[in-house]
2 protein chains.
Amino acid sequence: MASSVKKSAVTTRDAEATKGRILDAAEEEFAKGGLLGARTEAIAANIGVTKSMIFYHFGDKEGLYQAVLERAIALRIRSIQKIDIHSIEPKDAMRALVGAFIDDIVVNQNLPAIFFYEGIQNKGKYYGQIAIESIYRPFVEVIERGIKSGQFRKCDPLHVSVNIMGMCVFYFCHHENVKHLWPAGTDLLSKDMRAQHRSEAVEQVVASLLA
Amino acid sequence: MASSVKKSAVTTRDAEATKGRILDAAEEEFAKGGLLGARTEAIAANIGVTKSMIFYHFGDKEGLYQAVLERAIALRIRSIQKIDIHSIEPKDAMRALVGAFIDDIVVNQNLPAIFFYEGIQNKGKYYGQIAIESIYRPFVEVIERGIKSGQFRKCDPLHVSVNIMGMCVFYFCHHENVKHLWPAGTDLLSKDMRAQHRSEAVEQVVASLLA
DNA sequence: GTCTATAACCTGATAGAC
DNA sequence: GTCTATCAGGTTATAGAC
């Protein structure tokens, strides 16, 4: 979505296009500083428009933030709900869920930071119960089914689901901190390293569940 | 450390005491907004002193931030290095490491957010290679030993160590987001819930490693 | 729809009294 | 060592021209 924001100073006069470009740039800026730290000036400058456009199209900074969050939540819910978790055995269903979840992050690396900021700075105010349940329920259901069938070890499905998310996203949020563990110059977000993280995380999640 | 900052408007005239109180209050404020989002005014007001004290004792906001981070890093390194990971078998060493790690967070719940902010906002600038290696190396070594002895499954010790940290801290960073998964009114940071997270996380980490 | 100019406010940092 | 007063720069948001 916002992986490469196009810089253009051309006066487009296309409302929907401008709104979309603002959303992309805002997502990146909110991922860096959250609602509190984001600067409307920086968002506007990045796509070659003036601050006024933000207030014209989204009312205020908070309105823009809500729009960004809603889009991000919708994306997450959509791709997780695509997966048919009931017709395959728990182990494979979990593999599919975690894989799809990490694929989403790889496409849009702003997501983990945005949701972290939302929890810390805004106490989940703009997140909402329905969004959380839509995202976590598939994981919880697969774990419950796995325990019942004896394929998974006994555990608390809620805690374990939350920890699974942690395994998936921590790497993306802390890559600048932990980069020193790898040889100097290694780019933890390169295609190879991302693929390696995906593979290791999927295997570790499955292993953490098996009886 | 800063779990309960004492509010006191008494003019103490004790430099070390004041510095300590500023550090505690600053840690809490930096945990909420990072170096960028923290407000010196808020830090000062919380302990009943004026902003000037911050600049007198720490030079500038960045100096205060560095002092907070150094103290937090020292705490982490100290408690992890206390554990003798070589004289017990890998599974038990990992159990001890993860347990101690989460115990630190339970005592000072600001730590996970501070290190997250450091990675996202400052790109790990104030973290440093030595700190990261001191914290992660024990985990990596235990995993390597476990793989060699055949007790642990084959995996990449670096990626898996990073994911383990994610399992430990995600719960604390996202408790405001995921609280809706539990019955309304449940306090995810209550003593019982913290103990439950600790127990579930330790078991899940060990399970994620076993062959 | 988009821009320029500006209002109203906030924040880090300094100077100087006590 | 601590406080009060204040400045300079930055930030959200609005008004009005085009």
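Chain letters run A, B, ... following the sequence lines, proteins first, then strands; residues in each count from 1. This one's a predicted model, so the numbers in the text were calculated from it and none came from an experiment.
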When rounded to whole Å, the CG to P distance for the pair L36(A) and dC10(C) reads 14 Å
Quick note, M53(A) side chain, CB onward, closest among dA13(C), dC3(C), dA13(D) is dC3(C)
- Message: Please tell me if T40(B) has a side-chain N or O lying less than 4.0 Å from either OP1 or OP2 of dT11(C).
- Response: no
Between CZ of R13(B) and P of dC18(C) the distance, given in whole Å, is 14 Å
Out of dT4(D), dT2(C), dA13(C), minimum distance to the side chain of K61(B) belongs to dA13(C)
K123(B) and E118(B) ion-paired at < 4.0 Å: no
* When the aromatic ring centroids of F116(A) and Y117(B) are compared, is their separation below 6.0 Å? -> yes
Ranking dC3(C), dT4(D), dA13(C) by distance to the side chain of K51(B), first place goes to dA13(C)
- Taking side chain as C-beta onward, heavy atoms only, is Q204(B) less than 4.5 Å from M167(A)? yes
Problem set entry | Side-chain (E200(B)) to main-chain (C155(A)) donor-acceptor, under 3.5 angstrom | no
inquiry  = If the cut-off is 4.0 Å, is R39(B) near the phosphate of dG12(C), judged by side-chain N/O to OP1 or OP2?
reply    = yes
### Message
Any base atoms under 4.0 Å from A44(B), or only sugar-phosphate, or nothing? Heavy atoms, all strands.
### Response
nothing
